[in-house]
Amino acid sequence: MNDRAVGVLEQYDVTVSRTFKGRGTIICETDQGMCVLKEYRGKSEKLELLNGLQEKLADSIKTDMLVRNKEGGLSVKDTDNSTYILKRQIEGRECSYKNEDDIQKAFSVMAKLHLKMTETQAVYEMPVFFYGDQMEKHTKECRRVKNYLNKLRTKTDFERKLLKEYDYFLKKAEEVTTSVMLESKPEYEAYIKSNGFYCHGDFQYHNVIYAKGHGSPCLINFEHFVRDTGACDFYLLFRKISEKNNWSINAAQEMLEAYQGRRKLTPIEWRSLRMRLAYPEKFWKIINFYYNSRKSWVSGRNYEKLESLIAQERQKEKLIEKLFD
């Protein structure tokens, strides 16, 4: 972000004393407390829906609420027509993936969020997210990258390692995608609409904040919220924590118990969760990063991620068998 982005703050009814850079944001010290300015690439109608959903949460879950501009809108534009939003910042520490109590509280508040975050009056007809469409897109990319690798005359150590493991993960991606596309997309969409489901859409541990004076975790960064079941958020945090814990079955059961102590996953959500876990998303992320970056230099971190993925794959399969069989 640059000085032009800071200039949009004049469109808000706040007095800014100073600004400094955050993670892809500008943190603003104002007469109304600390706020966060960030670029927004979604639809403005979606912000009104989000604001209404967050207002419903206000009595039970603290979130980083949007700030309206002087005209009453929830976003502003700079001279280049880029869109920005301003939110009230929640100060505190991030959820630690090493702390069992933090993790259990995070899954508990997630379930609480899913029970509360339902729409009662439509202000914007938001499309339903069907996870099978995304898997199909990712699998096509996996095939494309393999073709690219096979055509390379000279290969780096990373590319040779990638090709050695490629068939196993590509086959798994294709098998899961085929199974998912046998699911009824209209049935899934109807289920979500009839229940008014919405979820955070980016439920990562860095979006779970433990603030002073709040016994329950606070939640931030709702801009990626989607119309999907609770399995979407559950999968995102569950996969990330499981990777950090080498797909520990005990840790997995604790996460499930923390969530289901408040809200039970339904059969359609269980099927969705199994498919999401079985799909080799981490493999797709590795090849996506590789394919869309400079090929003349491959990050050593990417090589480490590939080795970690290979080493953990059997343990991941054991966990899936334990949970679903």
Side-chain angles (χ1 to χ4, degrees), residues 1-95 109 112-113 116-127 198-214 216-227 233:
M1 287 193 178
N2 48 38
D3 293 339
R4 188 177 66 253
V6 175
V8 303
L9 290 167
E10 296 175 358
Q11 299 179 53
Y12 290 94
D13 192 17
V14 296
T15 302
V16 181
S17 55
R18 72 184 184 113
T19 63
F20 49 96
K21 291 183 179 180
R23 185 189 294 166
T25 65
I26 293 177
I27 301 173
C28 314
E29 198 172 281
T30 79
D31 60 336
Q32 297 182 27
M34 299 296 284
C35 294
V36 177
L37 180 73
K38 67 188 300 185
E39 191 170 355
Y40 175 71
R41 301 181 186 276
K43 295 184 177 181
S44 57
E45 299 93 336
K46 186 179 175 183
L47 290 176
E48 289 293 345
L49 173 57
L50 172 59
N51 189 65
L53 291 170
Q54 285 187 280
E55 285 179 346
K56 289 180 65 176
L57 299 173
D59 63 339
S60 56
I61 302 175
K62 185 175 177 61
T63 67
D64 55 345
M65 294 294 296
L66 292 162
V67 178
R68 291 192 179 274
N69 61 38
K70 291 178 180 178
E71 304 298 323
L74 291 172
S75 63
V76 295
K77 292 184 180 294
D78 67 7
T79 53
D80 286 345
N81 216 34
S82 296
T83 303
Y84 294 87
I85 55 175
L86 186 68
K87 303 182 294 179
R88 301 194 189 282
Q89 186 187 32
I90 296 178
E91 297 185 72
R93 65 173 181 84
E94 292 183 359
C95 171
V109 79
K112 188 176 182 181
L113 171 73
K116 294 277 293 183
M117 201 171 176
T118 55
E119 177 196 6
T120 54
Q121 184 176 1
V123 294
Y124 166 57
E125 188 58 34
M126 188 174 170
Y198 290 86
C199 60
H200 186 283
D202 189 26
F203 209 108
Q204 310 286 355
Y205 49 79
H206 56 257
N207 287 331
V208 181
I209 303 296
Y210 292 90
K212 290 182 179 180
H214 289 273
S216 180
C218 308
L219 301 177
I220 62 172
N221 296 332
F222 278 80
E223 295 81 57
H224 298 286
F225 85 106
V226 293
R227 200 160 196 190
D233 283 346

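Source: prediction; values computed, not measured. Residue indices begin at 1 and follow the sequence shown.
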_Before you tell me yes or no, could you show the steps for Lys87 and Glu223 under salt bridge (Lys or Arg N to Asp or Glu O under 4.0 Å), namely the whole-Å CA-CA distance, both residues' side-chain angles and the distance that decides it to 0.1 Å?_
CA-CA 11 Å; Lys87 303 182 294 179; Glu223 295 81 57; 3.0 Å; yes

*With no hydrogens and no angle check, is any side-chain donor or acceptor of Lys56 less than 3.5 Å from a backbone partner on Thr118?*
yes

*asked:* Any heavy-atom pair between the side chains of Met117 and Phe222 that's under 4.5 Å?
replied: yes

*asked:* Would you say that Leu113 contacts Leu219 through its side chain, given a criterion of any heavy-atom pair below 4.5 Å between the two side chains?
replied: yes

*Give me the one residue out of Val36, Leu9, Leu66 that meets side chain to side chain contact (heavy atoms under 4.5 Å, CB included) with Leu86.*
Leu9

*Pair Arg41-Glu39, salt bridge (Lys or Arg N to Asp or Glu O under 4.0 Å): steps then yes or no*: CA-CA 7 Å; Arg41 301 181 186 276; Glu39 191 170 355; 3.7 Å; yes

*Excluding sequence neighbours, so at least two apart, what forms side-chain contact (heavy atoms from CB on, under 4.5 Å) with Glu91?*
Met34, Gln89

_Quick one: does any side-chain atom of Asp78 pair with a main-chain N or O of Asp80 as donor and acceptor, under 3.5 Å?_
yes

*Sequence neighbours left out, what passes ring-ring contact (aromatic ring centres under 6.0 Å, His included) with Tyr205? Give chain and number order.*
Tyr97

_By side-chain hydrogen bond (donor to acceptor under 3.5 Å, both in side chains) - contacts of Thr63 (at least two apart)_ = Gln54

*asked:* Test of understanding: with side-chain hydrogen bond (donor to acceptor under 3.5 Å, both in side chains), list the residues that count as partners of Asp13, not counting sequence neighbours.
replied: none

*asked:* The criterion is salt bridge (Lys or Arg N to Asp or Glu O under 4.0 Å); which residues satisfy it with Glu94, sequence neighbours excluded?
replied: Arg23

_Asn69: partners by side-chain hydrogen bond (donor to acceptor under 3.5 Å, both in side chains), with sequence neighbours left out_ = none

*Taking everything shown except Glu29 itself, do over 12 heavy atoms lie less than 6.0 Å from its CD?*
yes

*Could you list the residues that satisfy salt bridge (Lys or Arg N to Asp or Glu O under 4.0 Å) with Asp31, not counting sequence neighbours?*
none

_Quick check against the 3.5 Å criterion: does Thr30 have a side-chain atom that pairs as donor or acceptor with the backbone of Gln32?_
yes

_Taking atom NZ as the centre, does Lys43 end up with more than 12 heavy-atom neighbours from other residues, nucleotides or ligands that are less than 6.0 angstrom away?_
no

*Among all residues two or more places apart in sequence or in another chain, which pass the salt bridge (Lys or Arg N to Asp or Glu O under 4.0 Å) test with Lys112?*
none

*asked:* Measuring only between side-chain heavy atoms, which start at C-beta, is Phe225 closer than 4.5 Å to His200?
replied: no

*Could you pull out all residues at least two apart from Thr83 that satisfy side-chain contact (heavy atoms from CB on, under 4.5 Å)?*
Tyr40, Ser75, Lys77

*By side-chain hydrogen bond (donor to acceptor under 3.5 Å, both in side chains), which residues pair with Lys116, not counting sequence neighbours?*
Asp59

_Heavy-atom side-chain proximity of Lys46 to Met126 below 4.5 angstrom_ = yes

*Do the side chain of Asp202 and the main chain of Asn221 share a donor and acceptor less than 3.5 angstrom apart?*
no

*Set of salt bridge (Lys or Arg N to Asp or Glu O under 4.0 Å) partners for Glu55, sequence neighbours left out*: none

*Apply side-chain contact (heavy atoms from CB on, under 4.5 Å) to Lys62 and list each qualifying residue two or more places apart in sequence or on a separate chain.*
Ile90, His214, Cys218

*Sub-4.5 Å side-chain heavy-atom contact between Ile220 and Val208*: no

